[in-house]
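Mind looking over this structure? Questions follow.
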Amino acid sequence: MKEQQIQQFNHDLLDWFHRKGRRLPWRKTDNPYYIWISEVMLQQTQVNTVIPYYNQFIKKFPTPEALADAPEQEVLKSWEGLGYYSRARNLQKGVREMVATYNSELPKNKSDLLSLTGIGPYTASALMSMAYHEPEPAIDGNLMRVLSRIFLIDDDIAKQKTRKKFEKLASDLIVQTEPASFNQALMDLGAMVCRPKIADCSQCPISSHCRAYEEGVQLEYPVKSGKAKPRMLHYAVLLLLDEQGRFLVEQRPDSGLLAGMWQFPMLSLDEYEDEQQQQAYSRERFQCSVEPPEAAFSYTHHFSHLIWKLTLRIGRTPSQMKLRKRQCWATMNELKRFPFPVSHQKVIRWIEKNRPLHT
DNA sequence: AAAGCGTGGGT
DNA sequence: TACCCAAGCTT
């Protein structure tokens, strides 16, 4: 675009944004720490889902020191249900780095921001523009979708290096006067008007600048390579009670899927295929009998990259049993203090509904 | 570079 | 129903 066109583009975009842009909790603050929290929560997560988590989180951890000093379990508990839990762990790690290295203040330059755990290229640019009003384009999925349509860019946005191309492009586009509004405007436009499957071009303030609209090919953009089909895994979820009606729960490993979250013990039914092996294993590991297996209910839980087929089985285990590391007995009330992934919250809900006395 | 990493909502 | 998708980062 020529300079004249760029100015017109920005005028049309920002005028729309000031009239129709969303009013969101994290847009009311100038506290870089709060903006950081919002940006992390918003990664791969929709605005409406984030709002209650954001409000609750800044209330519970109002300062960087409060978050830095909190036990990780409490942070995960506040993140419970939001997904991608490594975000919470990385956020706390990053905040601890900030407290230790930068005197509790968020750095004001991009390379220092990038050095903090959990801050990648998008978040660093978002913070530069939204917290410090520097003209840094924050290239996320919305920006790439909108700009790919405006300029008919057919690079695969699933590839890392494509982001750099959009970064260069948007650097020449972004207004110096209110860079935060530029980024937020394109995000709002992407979320509300220029959507993936529905491009409501009649409501678009910049359709006159849009080459995809001109050619009627909005929905062919952006180009994005497909994802692999999720793998399926089968587990028995073991609801093991001691004589006092307490439940055996355990904390997952510190890395990998649902790291640091709690769960009821799970028995892989893919590794122990025949019934004999499963029984032998569960007896050895839990000193309990789940035979004849009392299957309470079965359900399916979908992750982004795999599917769990789960069957709840109920058994009895002596409370004197030697527990492994990261395992403990917990009453229903105690158990609720631990962060559980949704896949296991379903079990808790089932217990409360069907076994109110926990017997 | 590509895969791993959650969940809820929309079509 | 069964997809697809969302303000990405880490390894």
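Here is how names work: the chains are called A, B, and so on, in the same order as the sequence lines, proteins then strands, and each is numbered from 1.
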Worksheet item: With a 4.0 Å cut-off on heavy atoms, is A:N48 in touch with a base, just the backbone sugar-phosphate, or nothing at all?
Response: nothing

Worksheet item: Under the salt bridge (Lys or Arg N to Asp or Glu O under 4.0 Å) test, which residues partner A:E74, sequence neighbours left out?
Response: A:K60

Discussion item. Among residues at least two apart in sequence or on other chains, which ones pass side-chain contact (heavy atoms from CB on, under 4.5 Å) with A:K168?
Written reply: none

Discussion item. For A:E136, is there an ion pair with A:K110 - N to carboxylate O distance below 4.0 angstrom?
Written reply: yes

Discussion item. Evaluate A:E214 against A:R211 for salt bridge (Lys or Arg N to Asp or Glu O under 4.0 Å), listing each step before the verdict.
Written reply: CA-CA 5 Å; A:E214 190 182 333; A:R211 291 190 55 195; 5.5 Å; no

Worksheet entry | Residues from residues 117-127 of chain A lying under 4.0 Å of DNA chain C - heavy atoms | A:T117, A:G118, A:I119, A:G120, A:P121, A:Y122, A:T123

Worksheet item: Between atom CG in A:L143 and atom P in C:dC5, what is the gap in whole Å?
Response: 18 Å

Worksheet entry | Counterpart residues, ring pair (Phe, Tyr, Trp, His ring centres under 6.0 Å), relative to A:F297 (two or more places apart) | A:Y299, A:W350

Worksheet item: What is the distance, rounded to the nearest whole Å, between atom CG of A:L91 and atom C1' of C:dC9?
Response: 12 Å

Worksheet item: Under 3.5 Å, is there a donor-acceptor pair between the A:S111 and A:N109 side chains?
Response: yes

Worksheet item: Roughly, in whole Å, what's the span from NZ in A:K227 to C1' in C:dC5?
Response: 6 Å

Item to complete: Give the C-alpha distance, both sets of side-chain angles, the deciding distance and a yes or no for salt bridge (Lys or Arg N to Asp or Glu O under 4.0 Å) between A:D155 and A:K159.
Response: CA-CA 8 Å; A:D155 299 59; A:K159 298 203 180 301; over 6 Å; no

Fill in: Between A:T123 and A:Q43, a side-chain donor and acceptor under 3.5 Å
yes

Practice prompt. Figure out the CG/C1' separation between A:N90 and C:dT11, and round it to whole Å.
Written response: 11 Å

Worksheet item: CZ of A:R89 versus C1' of C:dT11: gap in Å, rounded?
Response: 14 Å

Worksheet item: Within this structure, what is the CZ-to-P distance between A:F166 and C:dG8, rounded to whole angstrom?
Response: 14 Å

Worksheet item: Taking the P atom of each, how far is B:dA3 from C:dC4, in whole Å?
Response: 16 Å

Worksheet entry | side-chain contact (heavy atoms from CB on, under 4.5 Å) partners of A:A88, counting only residues at least two apart | A:V75, A:L76, A:W79

Practice prompt. Check side chain to side chain donor-acceptor pair (under 3.5 Å) between A:E97 and all other residues, then give those that pass, not counting sequence neighbours.
Written response: A:T117

Practice prompt. Using a heavy-atom cut-off of under 4.0 Å over every strand shown, decide if A:V47 touches base, sugar-phosphate, or nothing.
Written response: base

Worksheet item: Can you list the residues that meet the ring pair (Phe, Tyr, Trp, His ring centres under 6.0 Å) rule with A:Y122, with sequence neighbours excluded?
Response: none

Practice prompt. Residues of residues 57-66 of chain A with any non-hydrogen atom less than 4.0 angstrom from an atom of DNA chain B: list those, numerically ordered, please.
Written response: none

Discussion item. Please enumerate all residues that pass side-chain contact (heavy atoms from CB on, under 4.5 Å) together with A:Q4, with sequence neighbours excluded.
Written reply: none

Response to the item:
Per the under-4.0 Å heavy-atom filter, residues of residues 11-39 of chain A near DNA chain C come out as A:R22, A:L24, A:W26, A:R27, A:E39

Item to complete: Take nucleotides 2-11 of chain B nucleotide by nucleotide from the 5' end and write B, S or -, depending on whether a protein heavy atom sits under 4.0 Å from the base, only from the sugar-phosphate, or from neither.
Response: B-SBBBS--S

Worksheet item: Considering residues at least two apart in sequence or located in another chain, which fulfil the side-chain contact (heavy atoms from CB on, under 4.5 Å) criterion with A:A180?
Response: A:M130, A:H133

Discussion item. Can you measure A:M41 atom CE to C:dC9 atom P for me and round it to whole angstrom units?
Written reply: 16 Å

Item to complete: Check whether any side-chain nitrogen or oxygen of A:K224 sits under 4.0 Å from OP1 or OP2 of C:dA6, and answer yes or no.
Response: yes

Discussion item. Can you give me the closest heavy-atom contact between A:A296 and A:I314, atom names plus distance?
Written reply: CB-CD1, 3.9 Å

Worksheet item: Using atom P of each nucleotide, how far apart are C:dC9 and B:dG8 to the nearest Å?
Response: 23 Å

